[in-house]
Amino acid sequence: MPSDNPYYTRAPPVPKSLGTKDPLFGFLPRTITGKQVLAAMKKILETRKKLPVFGQMDEFLKMFTNNQIIIMVGETGSGKTTQIPQFVCYSDLPHLNKGQLVACTQPRRVAAMSVAKRVADEMDVSLGKEVGYSMRFEDMTEPGSTFLKYMTDGMLLREVLNDPDLKRYSTIILDEAHERTLATDILMGLLKNLAKRRSNLKIVVMSATLDAQKFQRYFSIAGPNAPLVKVPGRTHPVEVFYTLEPEPDYVEAAIRTVLMIHRAEGPGDILLFLTGEEEIEDACRKIKLDVDDLVKQDPDSVGPLICIPLYSSLSPEQQQHIFDPPPCPRTPDGPSGRKVVISTNIAETSLTIDGIVYVVDPGFSKQTVYNPRIRVESLLVSPISKASAQQRTGRAGRTRPGKCFRLYTEKDFMIELEEQTHPEILRSNLANTVLELAKLGVTDLVHFDYVDAPAPESLMRALELSNYLAAIDDDGALTPLGAIMADFPLDPQMAKMLIVSPEFNCSNEILTIVAMLSAPNVWSRPPNKRKEADQAKALLTVSDGDHLTLMNVFNSYMNNKHDRQWCWNNYLSQRALQQAENVRSQLQRTMERYEIELVTTQDERKLWQNIRKALVCGFFMQVAHKEGEKNNYLTVKDNQGVSFHPSSGLDSSPEWVVFNEFVLTTKPYIRTVTEVRPEWLLEYAPNYFDLSTFPHGETKRALLRVQKERALKVDGGASNGRNSPASDLPAKKRKKTAPS
DNA sequence: AGCATGGAT
C-alpha cells in the first residue's frame, strides 16, 4: 500500500529512549561538546562491531552480490535483524533511485517499530524519514525519502495484492521465517515466483538454524541449494534439567518448582510458561499463598517474591510490570527478593524480559487447530515442539548463564515432542488466503508452490465457501465481487455481508457490527467483580441478538464521546472500542474506494430486520436450528450439536439463528448469535439451501415447510421475483426502500 | 450453563 495513500495515518514520532544504553544518554540540549559527539558515535559503532554478524559483513556482501536469493541463519543475539538490512542498503544504494526501497518484514508490530527505531539511531537519521516502518493503522515512512522500511509481514502481503511485481523494492528481506506465519509462508511462495519475473529483485530469507536446509532446498532456483550465510548467536549457556517421572499435574508441578528455585537457588528472576489467563491468575494466587506460608515458617532464609502475570489481553500498562525490579530484601542483609513472571507463550517470541535466569517449562501451550471436516478452528492445550522448548530455554540465558527446568522426562522430550511447531498454514482456515491467491491469479491452488502444502481438504473447504459466497465462480476464477472482497481486511463472510448491506439499507450499521466483530472482546469481567460486570452488560444488551448488542455498545460509546470513565463504569475495554473505531474508519475508506454507499433505515423495527437479512447474506453457512424444547441446537448441514455461549444475551431461544463463531471449550458453543427467519435462508442463499441435496433430518423438514408456505405466498404475488442479492454485485445507485 | 493464545490485515 503506497504511503501517500490517505488511507493511512502518520503516527506521532516515537519518543527518544532515555535508557542508559542510549548513546545520547545524559546529553543536555545546547551544552554538547565535540568530545561527547565523538564518544556517542564511537559507542554506536562499538556496539555494532561487537555483534557477531558484523564480522561477516564481507562474506555476506559477496554472497549477496553474486546471488538473487540467499538464506541467512542467525541465532538470537547475532544482530541480523538490525545489521543485514543496513548492509543491503549499502549494496543496493536505493536512495540513488528515487522511490526505491529495501523492505524487511517482521511477524510482529512491536518488532517492526522498535527495530526501525534502533536502526534509524545507528544510521544517524530520523525515524520516519530515511528509515521507517509500516504496519496497519500506522505508516511511519516518507515517500521519496524512505529507503529502508521495516514492516509487518501481513502488510507486505496486502501490498502484493495491489502491486504483484513489488516494483518499488530492490530487495525484500523476510525475517523470522522460521516462525512460519501464514503471511510469511504465502510471501515465500509469491517471491520465489516473482524472482523469475524480476531478475533485479533480490531476496534474503532469515531464519533460525533448524529450518535453514528446508529453505535452502525450497529456494534452489539457481542450483541444488540456495546459498547460506551462517552467523553464530551470542547468548549465555543454559543448563537444562528434566524430571525423572512424568508429572501428572503440570500446574501443581510448576508451582512446586518455582518455590524450590526460590528457596534453593541463587538470585535471579524466574519465567514460568503456562497456557492461558485463568491458569496464570490461579498460579499467581497459589504461589503468593505458599510463599507467605514459607516466610512465616522461616523468615530469615526466604526472601520476598512477587508474581507478575503476562498474557495478551492485559493492557500495555499492565504488561509493563514485567519490567518492574524484583522486591528488596526485608532487612538490609536479609535474603534477596525475586520476581516470577508467569506468562503464556507471548514471552516465547514477542517479549523479552531482562534478568531472567530461571525458566520453568511444563511443555504445553494453547494452539489453534483447524479441522476442515467440520470447518472448525479450536484452541487446544497441546505439547510444544522441540524448537519451542529450545526457544523457552534460551530465555534464561539473555543476560548471564541460567537454568531451565523442564517438567517432563528427557525421554519424552526426545521421543514425544515434534521437531517443529506445525506451520500456521497447516493449522488454519484458509478462506482469506484462497481469495488473496485468487486475486493474484493463482487458479490452481492445490499445485501452488508452497513451502508446506496445506491439506487439500482445507483448500477445498475454503474454495467451497468462496464459491457459495459468489467470490469464486465454478471454474475457480475470481468474480468481480470476489476481487472487491479480497481488498477488505476481513473474513470473506464479513466482507460479503458488508458489500451487500447497502441493498438492505443498513450499511452504516453493518459496518459498525463488522468493526466490532474484528476488534478484541470489549467486555471486561474481573474475577472479583463478575456480578457487577454482568449487570452492566445486561443494561447494554439487546435481547434480539448479540450482533445488535455489539452495535448498541459501539453507538453508546460514541454517544458518550469516547469517555474513559463511562467505559470503566460499564466494564468495557476502551482499548478494544478504540480499535473497533479504527477498523471502522479503515473499512469505510475501502468502501468509498468502491463507491459502496453508507446508508441507513429510519424505521427502527425495519432497520433491525434489514440488519439480520444482511447477516444471512454473509453467514448463511453458520446457521443453527433448535431441536426439541431445551437450549439444544444443531448446526445446519453438519448437524453438530451446539449450545449458546454463556456470554450470549439472546434469551428467547428462537428456532433459527446465525452465529459468528463456533468455539470448542468445555463444550461446543456458538458465540455471538442472532435470530433469523428461515425464509431468508431460502431467498438469499438458494444455492446453499438447495433442499434437493440437503441431508435428511428435522432441519430439512422444517425448511421444506417454509418452502411450501413461500410457494403459496408467491402465488399470491407477495414476492417481487428479483434476483437474490447474495449472488449479485451491489447496485451502485439504489432506491431507498428496503427489500420486502 | 458457566466464558480458554497470539500474531496479522
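Numbered from 1 within each chain, the chains take letters A, B, ... in sequence-line order.
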> Rounded to the nearest Å, what distance is computed from the CZ atom of residue A/R671 to the C1' atom of nucleotide B/dG2?
Replying inline: 13 Å
>> Classify A/T275 by what it touches in the nucleic acid, base, sugar-phosphate, or nothing, heavy-atom distance under 4.0 Å.
In response: sugar-phosphate
> Out of B/dT9, B/dT5, B/dG2, which nucleotide sits closest to the side chain of A/Y669?
Replying inline: B/dG2
> Where the side chain of A/K366 is concerned, which of B/dG6, B/dA4, B/dG2 is the nearest nucleotide?
Replying inline: B/dA4
> Does any N or O donor sit under 3.5 Å from an N or O acceptor when you compare the side chain of A/S312 with the base of B/dT5?
Replying inline: no
> CG of A/L187 versus C1' of B/dG7: gap in Å, rounded?
Replying inline: 14 Å
>> Nearest to the side chain of A/R525, heavy atoms from C-beta on, is which of B/dT9, B/dT5, B/dC3?
In response: B/dC3
>> If I take atom CD1 in residue A/I280 and atom C1' in nucleotide B/dG6, what distance separates them, rounded to the nearest angstrom?
In response: 12 Å
> Within the pair A/R530 and B/dG2, is there a side-chain N or O less than 4.0 Å away from OP1 or OP2?
Replying inline: no
> Looking only at side chains, do A/T141 and A/T146 share a donor and an acceptor under 3.5 Å apart?
Replying inline: no
>> Between A/D211 and A/R180, does any side-chain N to carboxylate O distance fall below 4.0 Å?
In response: no
> Counting any heavy atom closer than 4.0 Å, what does A/F488 reach on the DNA or RNA strands: base, sugar-phosphate only, or nothing?
Replying inline: nothing
> Can you list, by residue number, the residues of residues 640-658 of chain A that have a non-hydrogen atom closer than 4.0 angstrom to DNA chain B?
Replying inline: A/H645, A/P646, A/S647
> Pairs in or reaching into residues 642-654 of chain A: which pass salt bridge (charged side-chain N to carboxylate O under 4.0 Å, His left out), with residues at least two apart or in two chains?
Replying inline: none
> How close or far is atom P of B/dG7 from atom CE of A/M151, stated in whole angstroms?
Replying inline: 19 Å
> Does B/dT9 have OP1 or OP2 sitting under 4.0 Å from an N or O in the side chain of A/T152?
Replying inline: yes
>> For B/dG6, does the base pair up with any side-chain atom of A/E424 as donor and acceptor (N or O, under 3.5 Å, distance only)?
In response: yes
> Pick one: which of A/Y669, A/Y633, A/F662 meets ring pair (Phe, Tyr, Trp, His ring centres under 6.0 Å) with A/F644?
Replying inline: A/Y633
> Whole Å only: how far is the CZ atom of A/F273 from the P atom of B/dT5?
Replying inline: 16 Å
> Rounded to the nearest Å, what distance is computed from the CD atom of residue A/E179 to the P atom of nucleotide B/dA8?
Replying inline: 10 Å
>> Under the rule for side chain to side chain donor-acceptor pair (under 3.5 Å), what residues qualify as partners of A/Q622, not counting sequence neighbours?
In response: none
> Has A/Y311 got a side-chain N or O lying under 4.0 Å from the OP1 or OP2 atom of B/dA4?
Replying inline: no
>> Which nucleotide wins on minimum distance to the side chain of A/D534, given the candidates B/dA4, B/dG2, B/dT9?
In response: B/dG2
>> Can you work out whether A/Q367 or A/E436 has the more 5'-proximal nearest nucleotide on DNA chain B?
In response: A/Q367
> Rounding to a whole Å, what distance do you find between A/R108:CZ and B/dG6:C1'?
Replying inline: 9 Å
> OP1, OP2 of B/dG6 versus side-chain N and O of A/T344: anything below 4.0 Å?
Replying inline: yes
>> Output the rounded distance in Å from CG (A/L157) to C1' (B/dT9).
In response: 8 Å
> Can you name the side chain to side chain donor-acceptor pair (under 3.5 Å) partners of A/S458, sequence neighbours left out?
Replying inline: none
>> The side chain of A/I346 is closest to which nucleotide in this list: B/dT9, B/dG7, B/dA4?
In response: B/dG7
> With sequence neighbours left out, what residues match A/R525 under side chain to side chain donor-acceptor pair (under 3.5 Å)?
Replying inline: A/D534
> For the side chain of A/T368, counting heavy atoms from C-beta on, which of B/dT9, B/dT5, B/dG2 is nearest?
Replying inline: B/dT5
> Which salt bridge (charged side-chain N to carboxylate O under 4.0 Å, His left out) pairs, counting each pair once, include a residue from residues 424-441 of chain A, with sequence neighbours left out?
Replying inline: A/R158-A/E436, A/K439-A/D487
